[in-house]
Amino acid sequence: MKNPMHKIFFIFFCFLFLSIFFLVSSCKDERNTNSSNNHKREDSTKKVTENGSKIKGSYFEKIDVTIGKKELKVPLGYEIKRQKVNLRKWAKIKLSPEFSIGGIIDTTFAFPTRVRTDSSGNIYVLDMRAKCVKKFNSNGEFQKKYGRQGNGPGEFQSPSRMDILPDGKIIVLDSNQNRCTVFDGDKVYQILSHLQPIGICFNNEFEFSTLQVLDPLGYAPIRRYNFNGEKIRDYQNVIMTQSLGDIFIGALPFINGELYRSQNNNLIYVPIYMNHFVKFSRNGSIQFSRNTIEDIKLPSFKRDRFDVINFRFPKENMSAYFSSLLEDHLYIVSFRETKKIADSIEYVIDSYSESNGDYQYSFKIMLDEKMGDFHATKNKIYILKQDTELSVYSYKIIE
């Protein structure tokens, strides 16, 4: 550089470049340092509301979505607040077997998939293959059967999820028939649903909510209805739909999870794959989202064509094996920490506060058979096993 002015400009631009570089680096370091548990947020973006406005200082996690040649980074519709701890606090559980129903050489159940209870201790088991819900009293004695195979009111083809109100009112989701059925004493309500939802729960004695994954752009994944099939409201979307533009996205199976009616008629959403849970208020807005204490990355989603629906994810993305909500305790059965030991399976169950999402404690349960569903009440634990047996235990947690 013979021209002195060129040299001056060169030095100036080098200095400018280095200044910007160190400024950006220091900002990144500061953000990572301030993250609780020193957890690196590899996929973060500034918080953007659905109308495009930015909220200073907030960040949303992103999920990598590839469909054909389209590569997108889709932000979740909420900020995930980290736990204050990342090590488990172990509690002891005193577990005493009460009784069992069914089993591999028993014909009580064909293929049980869900277990729930009412305030009187009655037990309800959804038998997917038998196309019905079977009710037992608190001692395990059979009481009544709800539903049968067919296409009429109170009949099912592939019942997949159910929920029970404290008074014994039942709602069953039959995704393939795209409808929900409510059993209220001798009354049967048949309600057409939308987009084949895969999750369901009561909000109160007159309303219920569904979870669907098929069109998260056109419809919110979580929607609330009355027994006439009228939509009461859409809940706040769990993803930023504007980030997807106008492309046809089809299904987003990483949204799959469980819905629970929480205290004060709020709603808890527990995704299977996304390593956190979300609490919604009664008006449908998100109150908070908290991660679990496990370090599990958000899943990426890849599909070769737009017209293919793929519900498979790598097991390393699974976080909530099963879950259950009991007053202020949200129990999540950890998929990652569950392990086989000799001829038994050790399940790790983490407890989180429903009111604020804080981690509380963890305990272990040893089973001789794989778990098919988990449900907890104040003094009982109900475990469906994959050999079609329902085991009922009394328990006490000692922190």
Side-chain angles (χ1 to χ4, degrees), residues 28 31-32 34-50 55 58-67 70-86 198-199 211-214 216-217 220-222 235-245 247 249-259 268-280 286-303 309-323 330 332-338 350 352 357 359:
K28 287 182 178 179
R31 186 167 68 238
N32 288 335
N34 290 335
S35 296
S36 60
N37 304 327
N38 293 322
H39 183 95
K40 292 184 179 180
R41 293 184 164 185
E42 297 174 357
D43 296 326
S44 298
T45 188
K46 280 194 174 180
K47 192 179 202 179
V48 182
T49 63
E50 286 296 275
I55 302 177
S58 296
Y59 292 88
F60 280 0
E61 306 287 353
K62 291 182 184 177
I63 292 179
D64 293 323
V65 175
T66 302
I67 302 180
K70 292 272 188 179
E71 295 184 0
L72 305 167
K73 287 189 178 293
V74 181
L76 298 175
Y78 42 82
E79 181 182 9
I80 303 174
K81 185 179 179 182
R82 304 289 168 186
Q83 294 294 331
K84 297 176 183 178
V85 298
N86 58 6
I198 56 178
L211 170 69
Q212 61 87 20
V213 303
L214 286 184
L217 296 184
I222 302 175
Y235 282 74
Q236 184 178 334
N237 208 314
V238 299
I239 59 171
M240 287 291 190
T241 57
Q242 63 183 18
S243 65
L244 295 167
I247 70 168
I249 199 68
L252 290 179
F254 54 77
I255 295 174
N256 188 12
E258 297 284 354
L259 296 179
I268 299 288
Y269 161 54
V270 184
I272 294 173
Y273 296 102
M274 294 198 289
N275 194 36
H276 63 268
F277 49 92
V278 185
K279 182 177 180 179
F280 293 87
I286 291 175
Q287 288 188 343
F288 65 78
S289 173
R290 298 296 299 273
N291 74 316
T292 73
I293 61 172
E294 296 181 320
D295 185 18
I296 300 175
K297 291 183 178 180
L298 290 174
S300 58
F301 180 54
K302 186 174 183 179
R303 200 164 63 211
I309 298 176
N310 182 4
F311 280 81
R312 294 183 180 181
F313 281 108
K315 289 183 177 180
E316 57 264 25
N317 291 130
M318 284 188 67
S319 55
Y321 209 160
F322 300 102
S323 54
L330 173 62
I332 296 181
V333 183
S334 170
F335 179 84
R336 172 173 287 187
E337 292 302 312
T338 293
D350 302 316
Y352 300 88
Y359 168 74

- Message: Determine whether a donor-acceptor pair (N or O, by modelled atom type, separation under 3.5 Å) exists between the side chain of T292 and the backbone of H276.
- Response: no
- Item | Student check: side-chain heavy atoms of N317 and F301 closer than 4.5 Å | no
- Task: Take the angle between the ring planes of F277 and F288 and call it parallel below 30°, perpendicular above 60°, tilted in between.
- Result: perpendicular
- Using a 4.5 Å cut-off on heavy atoms from C-beta on, say whether the side chain of L298 contacts that of L76. yes
- Side-chain (Q83) to main-chain (N291) donor-acceptor, under 3.5 angstrom: yes
- Message: The test is side-chain contact (heavy atoms from CB on, under 4.5 Å); show your working for M318 and I272 and say whether it passes.
- Response: CA-CA 6 Å; M318 284 188 67; I272 294 173; 3.9 Å; yes
- Is there a side-chain contact between E294 and F335 (heavy atoms, below 4.5 Å)? no
- Note on the structure: Value for CZ (F254) from CD1 (I63), rounded to nearest 0.5 Å, stands at 4.0 Å
- Is it true that a side-chain atom of Y352 and a backbone atom of I332 form a donor plus acceptor pair closer than 3.5 Å? no
- Query: Do you know which two heavy atoms are closest between R290 and R82, and how far apart they sit?
  - Reply: NH2-O, 3.2 Å
- Note on the structure: In terms of heavy-atom contacts, S334 and D350 come closest through CB-OD2, 4.0 Å
- pair V278-V238: side-chain heavy atoms closer than 4.5 Å: no
- Query: Roughly how far, to the nearest 0.5 Å, is the CZ atom of F280 from the CD1 atom of I268?
  - Reply: 9.0 Å
- What are the two closest non-hydrogen atoms of P271 and A320, and how far apart are they? O-CB, 3.6 Å
- Query: Taking D64 as the fixed residue, which of K297, K73, K70, K302 is the one that meets the salt bridge (charged side-chain N to carboxylate O under 4.0 Å, His left out) rule?
  - Reply: K73
- Message: Any side-chain to backbone donor/acceptor pair from Q236 onto G77? Under 3.5 Å, distance only.
- Response: yes
- Message: Distance check, rounded to the nearest 0.5 Å: Q212 atom CD versus N256 atom CG?
- Response: 11.5 Å
- Query: Do E316 and I296 have side chains that get closer than 4.5 Å, going by heavy atoms?
  - Reply: no
- Determine the minimum heavy-atom distance between Y273 and P299, stating which atoms define it. O-CD, 3.7 Å
- Message: What's the separation between atom CD1 in I293 and atom OG in S319, rounded to the nearest 0.5 Å?
- Response: 12.0 Å
- Query: Nearest 0.5 Å, what's the CD1-CD1 distance between I198 and I255?
  - Reply: 8.5 Å
- Got a sec, which residues hit side chain to side chain donor-acceptor pair (under 3.5 Å) with Y359, two or more places apart in sequence or on another chain? S362
- Message: Does any part of the side chain of N86, heavy atoms only, come nearer than 4.5 Å to the side chain of D295, both counted from C-beta?
- Response: no
- Task: For residues P221 and N237, determine if any side-chain heavy atom of one lies less than 4.5 Å from a side-chain heavy atom of the other.
- Result: yes
